[in-house]
Amino acid sequence: MNELLKKTAAEQSKALKNKEISAVELTQAAFERIDELDEKLGTFNSLTKETALNTAKKVDEKIAQGEELPLLAGIPLALKDNMNLVGSKTTASSKILENFVSPFNATITQKLLDNLVPIVGKANLDEFAMGSSNENSAFRKVRNPWDLNKVPGGSSGGSAASVASCEATLALGSDTGGSIRLPASFCGIVGMKPTYGRVSRYGLIAFASSLDQIGPFTRSVEDAANLLEVISGHDPKDSTSLNLPVEHFAAGLNNDIKGKKVGVIKELISEGLTEDVSKAMEKAIETYKSLGCEIVEISLPRLKYSIGIYYILATAECSSNLARFDGVKYGYRTPNAKNLMEMYTKTRAEGFGPEVKRRIMLGTYALSSGYYDAYYKKAQQMRALVTEDFKKSFEQVDILISPTCPNTAFELGAKASDPLAMYLTDIATISANLAGIPGISIPAGFDKDGMPIGLQILAPQLQETRLFNMSYKFEQAHDYWKQLANI
Ligand code: GLN
């Protein structure tokens, strides 16, 4: 492997500017790394070599002419395969979209292209982003670069594994209930979910529109702040996009955090943690103390309902969003139908995988007349109360911390036949989506088997700069983030 691939985007940018390597060479090095690992890891659904190399060439031309480079220009990036890139297959890892070629760019894709970020490929995921282990892909499983017998986490497992294994330096994922933070934690990298509305969802295949948010995977906090800057901003094509100026999120990275109040979420450290995760949490608390922060225990009394609330709202929204896949407008159409009704039903029965079908059925039930008030409406009311819990707690503290997950990456197959056990993996991450607040997972140690542990940090809405500052200070106090999977 080209040693430069192991560096952060900030370091690679310097190397490009100093002409230690050209952008085309760096992109080619990434493709060599992908070739070497593809069979082992299953990271990518497809590669986009032409797009990537064309972009890299433009970067080299600019360098040759001594022009200023846009932020992250020339740094190889993997796009989760539920985001549209013109001319590439966008499958959502589903059979129903197996041969669907994007006729347009997502807003985030256009921003990446404008910033001359080479997009190397479309990363594998759980079908339609539904899952926590990346075992729900209709094509192949993704494996964890730290241990090939373990899951990388989901649903953005391919994105996380690509960055953790240095196939790409940057990746984008989508986070509806934890799908960026969980795989980041399982793969020992940084993964960040912005405030709802920060990043346009136009061109992201919708799962649950009121919860979905696109965000960065990187190997350092600084890179995550910069990647968020590239992809965020108001977009008239997404009615939920916030009309706010783009911030320079890395501005306050190194600000002193002495005197800041760090809230430890009581409900997420009291039970169910493995011993190693529990120890890592104690150490994280000590770290913040040594940086001069005050530690406050915070209770979020309604957090325990968040998984229940999520699985009503997310399934309800997905049953509606996925209604468009019916064999008429997009993707797969059954060849075996005798009439229109059969065409619809067979297309969907043959095109969707079991987890997606389970979600559509649950959501349709929750929305059906007679049950709507008992389930959907109740869940919406409870969502408001969870949001209220966060608001109150942020009156007392600057950030909240918890483990990203009570455990580290598990063996492939360990939870595959038990949907409830799988759903519980997201206990720490889901509530941030319900409340629309930003959250991050950063490396915070290793368990006895050498598997990475993630620390989750949450901040109030729109306080990304604070979130990155508090993350950076923690990151720099240790060298966990510098350790790479030995693959
Ligand atoms: N694991 C959760 C689910 O299966 C979250 C997925 C996500 O964030 N996309 O729905």
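We count ligands from 1, going down the list as the structure has it; atoms in each ligand are counted the same way. For clarity, every value in this text was computed on a predicted model and none was experimentally measured. Numbers for residues simply follow the sequence, beginning at 1.
- Note that K95 lies outside the cation-pi zone of F352, set by a 6.0 Å cut-off to the ring centre and a 45° limit from the axis.
- Distances from ligand 1 to the non-hydrogen atoms of R359 include at least one value under 4.0 Å.
- Within the 4.0 Å heavy-atom criterion, neither part of R181 lies near ligand 1.
- Backbone and side-chain nitrogen or oxygen atoms of D175 are examined, and none is located within less than 3.5 angstrom of a nitrogen or oxygen of ligand 1.
- For ligand 1, the polar-atom distance check against T176 finds a nitrogen or oxygen pair separated by under 3.5 Å.
- Of the protein's heavy atoms, S179 OG, 2.3 Å lies nearest to atom 7 (C) of ligand 1.
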Does the salt bridge (Lys or Arg N to Asp or Glu O under 4.0 Å) test come out yes or no for D81 and K122, once each step is laid out?
-> CA-CA 5 Å; D81 198 17; K122 309 294 290 292; 3.2 Å; yes
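- Between Y472 and F468, the ring center distance fails the sub-6.0 Å criterion.
- Ring centers of Y202 and F104: under 6.0 Å apart, within the cut-off.
- When every heavy atom of S209 is checked against every heavy atom of E317, the shortest pair comes out as N-OE1, 2.7 Å.
- The nearest heavy-atom contact from the protein to atom 3 (C) of ligand 1 is Y311 OH, 3.3 Å.
- Geometrically, ligand 1 and F207 share no nitrogen or oxygen pair separated by less than 3.5 Å.
- Counting atoms of ligand 1 from 1 in the listed order, those under 4.0 Å from a heavy atom of A129 are 6 (C), 7 (C), 9 (N).
- The protein heavy-atom contact nearest to atom 5 (C) of ligand 1 is Y310 OH, 3.3 Å.
- Using a 4.5 Å heavy-atom cutoff, the side chains of L47 and I34 are in contact.
- Under the 4.0 angstrom criterion for non-hydrogen atoms, A314 is not in contact with ligand 1.
- The protein non-hydrogen atom at the shortest distance from atom 1 (N) of ligand 1 is D426 OD2, 2.6 Å.
- If you look at S155 next to ligand 1, the close heavy atoms, those under 4.0 Å, all belong to the side chain.
- Heavy-atom separations between Y423 and ligand 1 are all 4.0 Å or longer.
- Each of T404, I180, L458 was evaluated against T429; a single residue qualifies, T404, per the side-chain contact (heavy atoms from CB on, under 4.5 Å) test.
- Taking every heavy atom of both residues into account, I427 and L303 meet most closely at O-CD2, 4.5 Å.
- D126 and G131 get closest at one heavy-atom pair: OD2-C, 3.1 Å.
- Residue M130 places no N or O, backbone or side chain, under 3.5 Å from any N or O of ligand 1.
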